[in-house]
Amino acid sequence: MFSFTKKKNLIVGCGFTGAVLAERLSNILEEDVLIIDKKSHPAGLAFDYKENGITVNKFGTHIFHTNYEYIWKYLNKFTNFTPLMHKEKVLIEGMEAPYPFNLNTIYQIFPKNLASKLENKLIKKYGYGNKVSIFDIKTKTFFWDRDLDFLANYFYENLFISYANKKWDSKNYSTKNAFIHINKDDRKYKDKYQGIPQLGYTKLIENILNHKNIKILFDVDFKDIDTTGFDRIFYTGSIDEFFDYKFGILQYRSANFKTDNTNEDFSASIIRYPNNHDFIKIHTFKDNLNPKNNTSTVLKEYISDFKPNTDTERFYPILNKKNIELYNQYKIEAKKFKDIRFLGRLGDFKNYSMDKAIKRALEVFETVRFKSLLEENTTIDCEQLILK
């Protein structure tokens, strides 16, 4: 039995959101925190481990990236980062080409003369350094061009729609989300700060949680906890599960990963497979954090539907009208609980990147910190804070 002497906080979930909240509550407010997690490890979907000397992300590649300087400085208190400008490839008609789709992709796929012609037309019509959606190319008649229409159709059929069908199990994919980047920048992310924690994400989370006021229990379900006596509860699990799915089940796509060890070299740490094979991606790790290693650990990612009460994980929220309306019902229900706050990727039903999850946790902490001055659910500009 834990002995609490100050305000008592229960945090459900030991990913980035829960860990950052726990650190702030214990370090700044000097309060006691109990964290529980159904998993047997910290760091949530960012969990990593060593295999044959290689740091492997159990749930697929995680590259930290952000434009928020204050978040970057916050994390650097707990780890050093190895700088990494993440690049991906996509397999199209047997050829590996840069992804996101840009001018280099065009030159990789098409003959040089055609590629040059397409490049010139894109730059002339839309300007170098911009991006244009396939929807605009195909529907804005005053910009219509036969060659660019061919380009839009080609990549829609060979990349965007087939990948979306694998990931979402639906062909109802808007071309408004399919962009051509008119540049030769192969980086997946364009953020100012990018890298991987030198000792991995698991160690980073452990460092964040290294405080005498923080206690952690793994392999524990929230339903098995007596919440009597806690002053606050922060719930980062799925909001519909908290309410026993009383309004319905929020839909997610799940992913499972098959591990393999190979001596094969790969051209990128992630290669996408929109058309070939039943997996959607291959994740490789040996060149991310590790010195050159003869053996490469790879994960093949397979997509399926999330199903409650199974061993499937919630990965990608399906943010359609039906699910958003359902989430809003749960959000209204959640407001009836004065001292329970729902947040995080599952609590907010949002596809947060890691920095956005941290930003959300810091904002919620500040509403707790200044509760007497702020209305419930109000957020503030955390860039103005001096993080101790």
Side-chain angles (χ1 to χ4, degrees), residues 60-61 63 85-123 125-126 128-140 143-190 253 255 266-284 298-304 315-316 318-320 351 353:
T61 305
I63 309 296
M85 295 297 170
H86 177 61
K87 298 179 181 180
E88 297 185 13
K89 294 288 184 70
V90 60
L91 189 72
I92 302 177
E93 294 190 329
M95 295 173 284
E96 292 180 2
Y99 181 88
F101 172 76
N102 62 25
L103 297 178
N104 288 333
T105 315
I106 294 175
Y107 276 92
Q108 185 68 38
I109 298 298
F110 299 116
K112 184 176 180 180
N113 288 342
L114 175 57
S116 178
K117 182 179 182 181
L118 293 170
E119 176 187 20
N120 291 333
K121 288 194 172 187
L122 285 169
I123 293 173
K125 287 185 176 295
Y126 302 104
Y128 187 87
N130 294 315
K131 65 179 181 180
V132 58
S133 73
I134 287 177
F135 178 83
D136 284 349
I137 292 176
K138 295 185 65 62
T139 61
K140 293 189 175 179
F143 273 166
W144 189 87
D145 180 280
R146 185 182 302 277
D147 294 321
L148 295 185
D149 187 65
F150 156 76
L151 177 67
N153 284 330
Y154 181 90
F155 278 99
Y156 179 77
E157 294 296 333
N158 289 282
L159 172 57
F160 295 112
I161 189 60
S162 49
Y163 187 83
N165 190 38
K166 263 190 182 181
K167 184 171 182 178
W168 303 110
D169 193 27
S170 171
K171 293 186 177 181
N172 298 319
Y173 184 72
S174 173
T175 53
K176 293 180 181 179
N177 298 318
F179 290 99
I180 297 174
H181 296 258
I182 310 172
N183 58 42
K184 295 188 176 182
D185 185 350
D186 289 342
R187 295 175 301 164
K188 176 66 163 60
Y189 308 114
K190 308 301 190 285
R253 292 288 276 169
F266 293 88
S267 60
S269 59
I270 291 181
I271 301 175
R272 297 175 177 238
Y273 290 79
N275 301 295
N276 301 93
H277 305 289
D278 50 352
F279 52 85
I280 194 168
K281 294 178 187 176
I282 283 182
H283 303 257
T284 70
V298 302
L299 299 181
K300 293 179 180 178
E301 179 179 344
Y302 298 81
I303 302 295
S304 61
F315 268 76
Y316 308 109
I318 300 177
L319 300 175
N320 57 25
N351 193 19
S353 56

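Residue-environment remark: NZ (Lys117) stays at or below the threshold of 12 foreign heavy atoms within 6.0 Å.
One distance of note links CD1 of Ile106 with CG of Leu151; it measures 5.0 Å at 0.5 Å rounding. For the atom pair CG (Asn130) and CD1 (Ile123), the distance works out to 10.5 Å, reported to the nearest 0.5 Å. Distance check: Lys87 NZ to Arg187 CZ gives 8.5 Å after rounding to the nearest 0.5 Å. Note that OG1 of Thr61 and NZ of Lys281 are 8.0 Å apart. Values are rounded to the nearest 0.5 Å. Remark: Leu103 CG to Asn120 CG distance equals 9.5 Å, nearest 0.5 Å. Taking CZ of Phe135 as the reference point, atom CZ of Phe179 lies at 11.0 Å (rounded to 0.5 Å).
In plain terms, the two heavy atoms of Ser116 and Tyr107 that are nearest each other are CA-OH, 3.2 Å. Across all non-hydrogen atoms, the minimal contact from Ile137 to Ala152 is CG2-CB, 3.9 Å. Heavy atoms only, all atoms of each residue included: Ile271 and Ser267 are closest at CD1-OG, 4.1 Å. The two residues Ile303 and Ala255 have their closest heavy-atom pair at CD1-CB, 3.9 Å.
For the residue pair Asn102/Thr105, the side-chain donor-acceptor check at 3.5 Å is satisfied. In summary, the side chains of Asn153 and Lys138 do present a donor paired with an acceptor at a separation below 3.5 Å, with no hydrogens or angles considered.
Aromatic ring pairs are classed by plane angle as parallel below 30°, tilted from 30° to 60° and perpendicular above 60°; the pair Phe279 and His277 is parallel. In this pair, Phe155 and Phe101 present their aromatic rings tilted. The plane angle is within the 30 to 60° band.
Of the possible polar contacts, one joining the Asn275 side chain to the Asn158 backbone as a donor-acceptor pair under 3.5 Å is found.
Residues Ile92 and Tyr99 have side chains not in contact (no heavy-atom distance under 4.5 Å, counting atoms from C-beta outward). Looking only at side-chain heavy atoms (C-beta outward), Arg253 and Lys167 stay at 4.5 Å or farther from each other. In this structure, Leu148 and Ile180 have side chains that are not in contact, with every pair of non-hydrogen atoms separated by 4.5 Å or more. Looking at His283 and Phe266, their side chains never come closer than 4.5 Å, going by heavy atoms from C-beta outward. Counting heavy atoms from C-beta on, the side chains of Tyr273 and Glu301 never come closer than 4.5 Å. Residues Leu114 and Phe150 form a side-chain contact, since some pair of their non-hydrogen atoms from C-beta on lies under 4.5 Å apart. Using a 4.5 Å heavy-atom cutoff, the side chains of Ser269 and Glu88 are not in contact. Taking 4.5 Å as the limit, some side-chain heavy atom of Ile109 sits within range of a side-chain heavy atom of Tyr154.
Among Asp185, Asp186, Asn183, the single residue meeting the side-chain contact (heavy atoms from CB on, under 4.5 Å) criterion with Asn104 is Asp186. None of Lys300, Arg272, Lys166 except one satisfies the side-chain contact (heavy atoms from CB on, under 4.5 Å) rule with Ile280; the exception is Lys166.
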